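In this text the structure is predicted, and so the values were computed from the model without any measurement. These values consider heavy atoms only, across backbone and side chains, with no hydrogens, waters or symmetry-generated copies.
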Amino acid sequence: MNNTQKVTVELKNGRFRLPNMAKADDLNPKAMVLCAAAQCAGFTVMGLLQKNKVIPKSLEITIEGTLDTEKLQANSRFRSFVVTYNVECRNLNDQQYVSQAIYDAQERECGLVALLKSAAPVSYDISIVSTEPAVV
C-alpha cells in the first residue's frame with residue numbers, strides 16, 4: 001500500500017486557506033510542501049484570471065503526493081503528484097477563461113508546480129461548473 005499526503009486549500013476572501021480553520025503549522029513537512037504548491041498554483045490562476053476580470057465564485061485546489069515508503073519518514077520521497085482543481089464560475093463564458101488559466105498555471109506559469117515536476121510526475125484534473133444562467 002502506498003503512503004499518500006494530501007492537502008486542500010480553498011479561496012476565502014482573496015487568500016488560500018486550509019479548510020476548517022486548520023493551520024499550516026499543524027502539517028508535517030511533506031504536507032507543507034504540498035500546501036505551498038497548492039497556494040502558489042491558486043495565486044497563479046487568480047493572477048491570470050485578473051487579466052480578464054474573471055473572479056470565480058469558489059476555487060478549491062487539492063494536491064496529493066504518493067510517497068515511496070509505507071509510513072511517513074524523514075527520508076520519504078514523492079513518487080507522483082495529482083493536482084485537482086474544483087472551480088465554480090458565475091457563467092459559461094467564465095469557464096473558458098478559468099480553464100485556460102489553470103492550464104497555463106499548471107503547464108508553465110507556477111514555479112512550485114514546476115518544482116514538483118522536477119521531483120516526480122505531476123498530473124492534474126479540472127472540474128468547472130457554472131451556477132448562473134448564460135446571458136444570451
Side-chain angles (χ1 to χ4, degrees):
M1 182 175 177
N2 290 325
N3 181 12
T4 60
Q5 297 289 299
K6 184 176 180 178
V7 173
T8 299
V9 296
E10 302 168 334
L11 182 63
K12 299 281 184 191
N13 299 319
R15 300 190 53 102
F16 286 92
R17 306 272 188 206
L18 294 167
N20 303 319
M21 298 181 60
K23 302 286 182 201
D25 292 348
D26 297 332
L27 301 175
N28 66 60
K30 304 280 193 269
M32 288 179 99
V33 168
L34 300 179
C35 182
Q39 289 179 333
C40 184
F43 285 123
T44 302
V45 168
M46 293 304 293
L48 293 168
L49 288 175
Q50 281 182 340
K51 294 176 184 178
N52 293 303
K53 298 181 179 160
V54 173
I55 300 172
K57 288 178 83 172
S58 67
L59 173 56
E60 176 185 275
I61 301 169
T62 300
I63 300 185
E64 186 171 332
T66 302
L67 297 169
D68 64 355
T69 56
E70 288 290 321
K71 293 184 180 182
L72 180 63
Q73 300 172 12
N75 67 345
S76 298
R77 294 177 188 248
F78 286 109
R79 293 182 356 173
S80 64
F81 301 97
V82 178
V83 184
T84 304
Y85 297 86
N86 288 305
V87 188
E88 181 181 351
C89 294
R90 300 195 186 293
N91 56 56
L92 288 173
N93 297 333
D94 288 354
Q95 283 188 1
Q96 174 185 346
Y97 294 113
V98 170
S99 179
Q100 187 63 51
I102 291 171
Y103 175 83
D104 290 345
Q106 192 69 30
E107 293 299 325
R108 65 175 175 266
E109 298 290 336
C110 179
L112 285 181
V113 169
L115 180 66
L116 294 182
K117 288 179 182 180
S118 71
V122 177
S123 62
Y124 62 101
D125 297 312
I126 304 171
S127 174
I128 305 173
V129 297
S130 297
T131 55
E132 296 177 10
V135 177
V136 185

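Screening residues 17-42 for ring-ring contact (aromatic ring centres under 6.0 Å, His included) gives no qualifying pairs among residues at least two apart or on separate chains. Within the structure, no pair that satisfies the ring-ring contact (aromatic ring centres under 6.0 Å, His included) test touches residues 54-73, not counting sequence neighbours. Applying the side chain to side chain donor-acceptor pair (under 3.5 Å) definition to pairs two or more places apart or across chains, none involves residues 14-26.
Taking CG of Asn91 as the start and CD of Gln95 as the end, the distance is 8.5 Å to the nearest 0.5 Å. In this structure, Glu88 CD and Asp94 CG are separated by 11.5 Å, a value rounded to the nearest 0.5 Å. Atoms CG and CD, on Leu34 and Glu64 in that order, are 9.0 Å from each other to the nearest 0.5 Å. Here SG of Cys89 is found 5.5 Å from CD1 of Ile128. Values are rounded to the nearest 0.5 Å. In this structure, Ile61 CD1 and Ile63 CD1 are separated by 7.0 Å, a value rounded to the nearest 0.5 Å.
Heavy-atom contacts from other residues, nucleotides or ligands closer than 6.0 Å to CD1 of Ile55 number 12 or fewer.
Residues forming a ring pair (Phe, Tyr, Trp, His ring centres under 6.0 Å) with Phe81 (at least two apart in sequence, or on another chain): Phe78. Evaluation of the side-chain contact (heavy atoms from CB on, under 4.5 Å) rule for Asn86 yields Glu60, Thr84, Ser127 as partners, not counting sequence neighbours. For Ser123, the side chain to side chain donor-acceptor pair (under 3.5 Å) criterion is met by no residue, not counting sequence neighbours. In this structure Val113 satisfies the side-chain contact (heavy atoms from CB on, under 4.5 Å) test together with Ala41, Gln106, Cys110, Lys117, sequence neighbours excluded. Residues passing the side-chain contact (heavy atoms from CB on, under 4.5 Å) test with Glu109 are Thr44, Leu48, Asp104, sequence neighbours excluded. Qualifying ring pair (Phe, Tyr, Trp, His ring centres under 6.0 Å) partners for Phe16, counting only residues two or more places apart in sequence or in other chains: Phe43. With sequence neighbours left out, the side chain to side chain donor-acceptor pair (under 3.5 Å) criterion links Glu107 to Tyr124. The side-chain contact (heavy atoms from CB on, under 4.5 Å) test applied to Leu115 returns Leu112, Ser118, not counting sequence neighbours.
Lys30 places a side-chain N or O within donor-acceptor distance of the main-chain N or O of Ser76, the cut-off being under 3.5 Å. Panel note: side chain Asp68, backbone Arg79; no donor-acceptor pair is recorded below 3.5 Å.
The minimum heavy-atom distance between Leu18 and Ala22, with the atom names listed, is CB-O, 3.7 Å.
In the hydrophobic clustering of this structure, Val33 groups with Leu72; members are Ile, Leu, Val, Met, Phe, Trp, Tyr whose side-chain heavy atoms approach within less than 4.5 Å, directly or through other members. Tyr85 and Val82 are members of different hydrophobic clusters when ILVMFWY side chains are connected at heavy-atom separations under 4.5 Å.
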Side-chain donor/acceptor pairs under 3.5 Å, residues 5-14, sequence neighbours excluded:
unit_1	atom_1	unit_2	atom_2	d
Gln5	OE1	Asn28	ND2	2.7
Thr8	OG1	Thr62	OG1	2.8

